[in-house]
Structure formats: C-alpha cells, structure tokens
Amino acid sequence: MPHTDLSAVEADVRTWFDQYVSTFIGLAAAGRTDPAPLLDYFDVPITMTTDAAHMVLASTDALTAGLANELQTLRDADYGGSAALDLQVRALNGRSALVEVTWVRNDSGGREFQRVRVLYLAARTVAGWRTTASAILSP
C-alpha cells in the first residue's frame, strides 16, 4: 500500500474549504439567493443531519433548492457577514477528510444571531474535493 502524505491532503482540503467559505460569505453578504456558485462544493447525494432532521438530498435540484433556501433565510435575517472560526481539518486517508468549523453569523448591525459548530465530510471525487455529508454538532 503506498504511503499518502496526510499533511498535504489536509492542506489541500483547507485551501478548498477556504474557497467555499469565501464564496458562501460573498454570496450571502451580497444578498444573492442563486446558489449556482456553491454547487461545485457539494456532491449529490449529500447527507445533512441536525438535531431536528436527517436529510438526504438525492438530486442536484434538491441541493439547489436547499442552498437557495439557506441563502434566502440569511437575506431575510438581515445578514451582514460570517466568520468561520476554529477551522480543523483531519485527513482520514488520501481521498477523504473531516472539516470542523464554527460559523458565527452577524446581522447588518454587527450583532451575532447564530453560532453553530458544523462537521463536514469531504471526499476527493473525479471533479475535485466535494462535501458529501454534514452535521450540526450539539453545543
């Protein structure tokens, strides 16, 4: 079995995730609700789990609708910006990694209205790194 440099995998995933963060925050801050620029960061089907629900988005249409709904929710919340804090990346092997991050979201007045810790499972697909599953972690 060939040796995989997991630190290189982690650096690659961190760069990819930083691009996702920038894309997401940029779209939300501009009040955009078209999620097209985000679609390349996810692989379908994708599993999403929270304390309230477990969902499998089995089509690109379902993923698009889910992301559009999230962007619309932020727009309705008078979104002003986000910070991705305490980013941790752990390579599981040469093709998968766990990404854990705290999202802190503020309204346009700078007041925090949401803080959640999220775990993402990223996989290296034929199209590049993609999120295949996510879970909101209990506080």
Side-chain angles (χ1 to χ4, degrees):
M1 178 183 280
H3 173 73
T4 301
D5 180 359
L6 295 183
S7 64
V9 172
E10 290 170 354
D12 196 29
V13 171
R14 184 177 298 271
T15 298
W16 164 79
F17 193 78
D18 287 345
Q19 292 169 348
Y20 165 68
V21 169
S22 294
T23 301
F24 184 89
I25 291 172
L27 288 173
R32 295 196 34 208
T33 57
D34 177 7
L38 297 173
L39 296 178
D40 286 344
Y41 293 97
F42 298 91
D43 196 49
V44 174
I46 182 170
T47 301
M48 298 180 173
T49 308
T50 69
D51 281 339
H54 172 80
M55 300 173 290
V56 177
L57 304 178
S59 71
T60 301
D61 288 344
L63 174 61
T64 300
L67 291 171
N69 184 60
E70 184 172 1
L71 289 170
Q72 184 63 51
T73 298
L74 290 175
R75 185 176 179 172
D76 294 347
D78 187 29
Y79 177 86
S82 293
L85 304 178
D86 192 25
L87 177 64
Q88 298 174 16
V89 177
R90 180 175 157 239
L92 301 175
N93 56 43
R95 299 191 64 82
S96 63
L98 291 176
V99 177
E100 192 172 330
V101 65
T102 298
W103 286 100
V104 177
R105 292 177 172 157
N106 301 305
D107 65 16
S108 62
R111 293 173 297 275
E112 182 179 312
F113 68 86
Q114 184 182 48
R115 180 179 290 246
V116 294
R117 189 89 178 144
V118 182
L119 180 71
Y120 299 89
L121 177 61
R124 188 189 319 255
T125 70
V126 295
W129 286 103
R130 299 292 186 266
T131 299
T132 59
S134 68
I136 305 294
L137 303 176
S138 292

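Residues take their numbers from the sequence shown, with the count starting at 1. Values in this document were obtained by computation on a predicted structure and should not be read as measured data.
- Using modelled atom types, no side-chain atom of E100 and backbone atom of Q88 make a donor-acceptor pair closer than 3.5 Å.
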Any chance you could lay out the side chain to side chain donor-acceptor pair (under 3.5 Å) test for R117 and T102, step after step, and finish with the verdict? CA-CA 4 Å; R117 189 89 178 144; T102 298; 2.8 Å; yes
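- Between P35 and L67 the shortest heavy-atom distance is CB-CB, 3.5 Å.
- Atom OH in Y20 sits 8.5 Å away from atom CH2 in W16 (nearest 0.5 Å).
- Annotation for A91 and E10: closest pair N-OE2, 2.9 Å, computed over non-hydrogen atoms.
- What you find for F113 and D107 is that their closest heavy atoms are CD2-N, 3.5 Å.
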For V89 and L98, what are the C-alpha separation, side-chain angles and deciding distance, and is it a side-chain contact (heavy atoms from CB on, under 4.5 Å)? CA-CA 6 Å; V89 177; L98 291 176; over 6 Å; no
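- Contact between P45 and A58 at its shortest, heavy atoms only, is CB-CA, 4.0 Å.
- Remark: side-chain polar atoms of S22 are paired, donor with acceptor, to backbone N or O of D18 under 3.5 angstrom.
- At a threshold of 4.5 Å between side-chain heavy atoms, the hydrophobic network of Ile, Leu, Val, Met, Phe, Trp and Tyr places L85 and V21 in two separate groups.
- When side chains are defined from C-beta on, V56 does not count as touching I46, because their heavy atoms never get closer than 4.5 Å.
- Atom OH of Y41 sits about 5.0 Å away from atom CD of Q19, to the nearest 0.5 Å.
- Note: D43 CG to R124 CZ = 14.0 Å, rounded to the nearest 0.5 Å.
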Start with the C-alpha gap between F24 and L71, add the side-chain angles, then the distance that decides, and say whether side-chain contact (heavy atoms from CB on, under 4.5 Å) holds. CA-CA 9 Å; F24 184 89; L71 289 170; 4.2 Å; yes
Residues D78, S108; criterion side chain to side chain donor-acceptor pair (under 3.5 Å); working and verdict: CA-CA 6 Å; D78 187 29; S108 62; 2.6 Å; yes
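- Under the 4.5 Å side-chain heavy-atom criterion for Ile, Leu, Val, Met, Phe, Trp and Tyr, L6 and L121 are members of distinct hydrophobic clusters.
- Taking the side chain as every heavy atom from C-beta outward, R14 and L87 approach each other to under 4.5 Å.
- A donor-acceptor pair shorter than 3.5 Å can be found between the side chains of S96 and N93.
- Looking at R105 and E112, no side-chain N of the basic residue comes within less than 4.0 Å of a carboxylate O on the acidic one, giving no salt bridge.
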Check step by step if side-chain contact (heavy atoms from CB on, under 4.5 Å) holds for V101 and D86. CA-CA 6 Å; V101 65; D86 192 25; over 6 Å; no
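- L119 and M48 end up in different hydrophobic clusters when Ile, Leu, Val, Met, Phe, Trp and Tyr side chains are linked at under 4.5 Å.
- If you chain together hydrophobic residues whose side chains sit under 4.5 Å apart, V104 and Y79 never meet in one group.
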With side-chain contact (heavy atoms from CB on, under 4.5 Å) as the criterion, how do S134 and T49 come out once you've worked through the C-alpha distance, each side chain's angles and the decisive distance to 0.1 Å? CA-CA 6 Å; S134 68; T49 308; over 6 Å; no
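- The backbone N or O of A133 sits nowhere less than 3.5 Å from a side-chain atom of T131 that would complete a donor-acceptor pair.
- Residue V44 forms a side-chain contact (heavy atoms from CB on, under 4.5 Å) with just one option from L57, T132, D61, L63, and that option is L63.
- How far CG of D5 is from CG of D12: 11.0 Å, rounded to the nearest 0.5 Å.
- The distance from atom CH2 of W129 to atom OH of Y120, rounded to the nearest 0.5 Å, is 16.0 Å.
- Hydrophobic clustering (side-chain heavy atoms under 4.5 Å, transitive across Ile, Leu, Val, Met, Phe, Trp, Tyr) keeps L137 apart from W103.
- In this structure, CG on L39 lies 10.0 Å from CZ on R130, to the nearest 0.5 angstrom.
- In this structure, N106 and S82 have side chains that are not in contact, with every pair of non-hydrogen atoms separated by 4.5 Å or more.
- With R75 contributing its side chain and G31 its backbone, the two residues share a donor-acceptor pair below 3.5 Å.
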